[in-house]
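Here is the structure we will look at.
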Amino acid sequence: MKELEILPIPLIQWYHENARVLPWRSDPTPYHVWLSEIMLQQTRVAAVLDYYRRFLEELPTVADLAAVEEERLMKLWQGLGYYNRARNLQKAARQVMETYGGVFPGTYEEILSLAGVGDYTAGAIASIAFGVPVPAVDGNVLRVVCRITGDEGDITRPDTKNRIRKALLDTMPKAFPGDYNQALMELGATVCLPNGAPLCEKCPARAFCVAHITEQTGRLPVKAPKKARRVEKRTVFLIFHEGKVALRQRPKKGLLAGLWEYPNEPEADVGQLAEWGITPLCLDHGGTGKHIFTHIEWHMSALAVEAADGHLPDGWVWADRRALQERYALPNAFQSFMGLALDRTEETSEF
DNA sequence: AACTCGGGGAT
DNA sequence: ATCCCAGAGTT
């Protein structure tokens, strides 16, 4: 592993010259670093920027986050995905308030004990916000290290990840662990790109990178193939009455847990409305939509319904246009029906 | 170890 | 279409 011993100085030099200007780098308090790291889990920098700004604008401190209404929290997270990150974020904020008296803990083990914080995120917060010399091994770091050292290990395997974490711990510059960890990630995000398209001419490790020298960047890192998605057909019901649309809340666990949605069922028809006690006055096609999750693909066909009266099953709500836009958190899966819903809802005085 | 959990941008 | 992203929690 002698490549990792040579790496720190040229990499840190490169990082100081090429680091992107990012909002969580300008004032890296533990709260800022933590929030950014949670938002950045499996999510690109570009997708996070606006969410990060809006979130801190409304919830500038850990205490604010601990106290905010869940419905408002989910609205702030709407569209970012992996919604349990938001719930765990608040759970952890309450841990910080109650267990640590409102002061963000500074050791790797304490940070790791927070909800939603795993070994990567604990390492990132500890090193960046507190200067603790621990690695932060994400997908970028695995790719960079496997290429530079010519590691053939399957990066989807925990033992490969643990081996690389240990190698980094033994070779990282202990004086500036935060910059080193961020430099590894920055290199992976901007130069050592995936899918065999790295910009090796720009890489500070090009002189000693095993994958570059032996022309194996297209093959490394080794990664086991992932399982195929399953397709689900769903019928979506856009039910209107007096300028409002019917919404229901999804179950507390599982896919899109706790978010609001237009009622939908697997391959249902108008008969479904009777089961809900809804009398359709007129029916239209509401268009179609496709949404691709990581492991599921929804093919949706919508029915637009004008209801004869205001009756709905327990727990469902009538949302006017403003509530649809500003109150209820809907997943992006239903975005293709938003245009029709907005057309057929009205602003009302209620909220 | 395998599975679940979003959404989007790049190729 | 496929890959993969500053991964973590559950089973």
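Protein chains get the first letters and strands the later ones, always in sequence-line order, with residue 1 at the start of each. Source: prediction; values computed, not measured.
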Selection from C/dA6, B/dC3, B/dG6 that lies nearest to any side-chain heavy atom of A/Tyr83: B/dG6
Rounded to the nearest angstrom, tell me the gap between atom CD1 in A/Ile125 and atom C1' in C/dA6. 11 Å
Given the P atoms of B/dG8 and C/dA8, what is the spacing between them in whole Å? 22 Å
C/dG7, OP1 or OP2 - any side-chain N/O from A/Gln41 closer than 4.0 Å? no
Phosphate oxygens OP1/OP2 of B/dA10: is one of them under 4.0 Å from a side-chain N or O of A/Asn195? no
Answer with yes or no whether the side chains of A/Glu110 and A/Ser113 bring together a donor and an acceptor at under 3.5 Å. no
By nearest-nucleotide position on DNA chain B, the 5'-leaning member of A/Arg230 and A/Leu193 is A/Arg230
Is A/Arg44 side chain donor-acceptor paired with the C/dC4 base, going by distance under 3.5 Å alone? yes
Provide, to the nearest angstrom, the distance between the CZ atom belonging to A/Phe334 and the C1' atom belonging to B/dG7. 14 Å
From the list C/dA8, C/dA6, B/dG6, which nucleotide is the closest neighbour of the side chain of A/Thr121? C/dA8
Using the C1' atom as the point on both nucleotides, what is the distance between C/dC5 and B/dC5, in whole Å? 15 Å
Nucleotide B/dC5, atom P - distance to CG of A/Asn88 in whole Å: 14 Å
Using a cut-off of less than 4.0 Å, is there contact between a side-chain N or O of A/Tyr82 and OP1 or OP2 of C/dC5? no
When all nucleic acid strands are considered with a 4.0 Å heavy-atom cut-off, which category describes A/Phe293: base, sugar-phosphate, or nothing? sugar-phosphate
Report the distance from atom CZ of A/Arg87 to atom C1' of C/dT10, rounded to the nearest whole Å. 16 Å
Any Lys/Arg nitrogen of A/Lys75 or A/Glu326 sitting under 4.0 Å from an Asp/Glu carboxylate oxygen of the other? no
When all nucleic acid strands are considered with a 4.0 Å heavy-atom cut-off, which category describes A/Asn332: base, sugar-phosphate, or nothing? sugar-phosphate
Please work out if A/Asp119 contacts a base, only the sugar-phosphate, or nothing of the nucleic acid, heavy-atom cut-off 4.0 Å. sugar-phosphate
From the set B/dC5, C/dT2, C/dA6, return the single nucleotide nearest to any side-chain atom of A/Leu255. B/dC5
Given C/dC4, B/dG7, C/dG7, the nucleotide with the shortest approach to the side chain of A/Lys223: C/dC4
In this structure, how many angstroms lie between the P atom of B/dG7 and the CE atom of A/Met74, rounded? 10 Å
At 4.0 Å (heavy atoms only), tell me whether A/Trp34 reaches a base, stays on the sugar-phosphate, or touches nothing. nothing
Could you please spell out the steps behind the salt bridge (charged side-chain N to carboxylate O under 4.0 Å, His left out) verdict for A/Arg53 and A/Asp50? CA-CA 5 Å; A/Arg53 181 184 51 74; A/Asp50 279 349; 3.7 Å; yes
Between B/dA1 (P) and A/Lys226 (NZ): distance, integer Å: 18 Å
Within the 4.0 Å heavy-atom criterion, would you say A/Ala197 contacts the bases, only the backbone, or no part of the nucleic acid? nothing
Would you classify A/Val141 as touching base, sugar-phosphate or nothing, given that sugar-phosphate means primed atoms plus P, OP1 and OP2, and contacts are heavy atoms under 4.0 Å? nothing
Contact class for A/Gly254 (heavy atom, under 4.0 Å): base, sugar-phosphate, or nothing? sugar-phosphate
Are A/Asp320 and A/Arg322 close enough, and set up right, to give a salt bridge (charged side-chain N to carboxylate O under 4.0 Å, His left out), and what steps lead you there? CA-CA 6 Å; A/Asp320 70 357; A/Arg322 203 164 89 113; 5.8 Å; no
From the set B/dC3, C/dA6, C/dA8, return the single nucleotide nearest to any side-chain atom of A/Arg20. C/dA6
When the distance from NE2 of A/His291 to P of B/dG8 is rounded to whole Å, what number comes out? 7 Å
Contacts of A/Ser36 and A/Ala115 projected onto DNA chain C by closest heavy atom; the upstream (5') one is A/Ser36
Quick one: is A/His295 getting a side-chain N or O under 4.0 Å of the B/dC3 phosphate, OP1 or OP2? no
The nucleotide from C/dC5, B/dG7, C/dA6 with an atom nearest the side chain of A/Ala333 is B/dG7
For A/Asn264 and A/Glu261, does a side-chain donor sit closer than 3.5 Å to a side-chain acceptor? yes
Checking all strands, does A/Leu80 fall into the base, sugar-phosphate, or nothing category for heavy-atom contacts under 4.0 angstrom? base
Base, sugar-phosphate or nothing for A/Ala46? Non-hydrogen atoms, less than 4.0 Å. nothing
Going by distance alone, is a donor N or O of one side chain under 3.5 Å from an acceptor N or O of the other, for A/Thr156 and A/Asp154? yes
Rounded to whole Å, please give me the gap between CD1 in A/Ile111 and P in C/dG7. 17 Å
Could you tell me whether A/Asp170 and A/Lys166 make a salt bridge, using a distance below 4.0 angstrom between a side-chain N and a carboxylate O? yes
Considering heavy-atom distances to DNA chain B, does A/Arg157 or A/Ala257 have its closest nucleotide positioned more toward the 5' end? A/Arg157
Kindly indicate whether the side chain of A/Thr294 and the base of B/dG6 share any N or O donor-acceptor pair separated by less than 3.5 Å? yes
Of A/Leu22 and A/Lys290, the one whose closest nucleotide on DNA chain C sits nearer the 5' end is A/Lys290
SB check A/Glu232 A/Arg230 (cutoff 4.0 Å): yes
For the base of C/dG7, is there a side-chain donor-acceptor partner from A/Thr43 under 3.5 Å away? no
On a whole-Å scale, what distance lies between the P atoms belonging to C/dA6 and B/dT4? 24 Å
Closest of C/dC4, B/dG7, C/dG9 to the A/Pro194 side chain is C/dC4
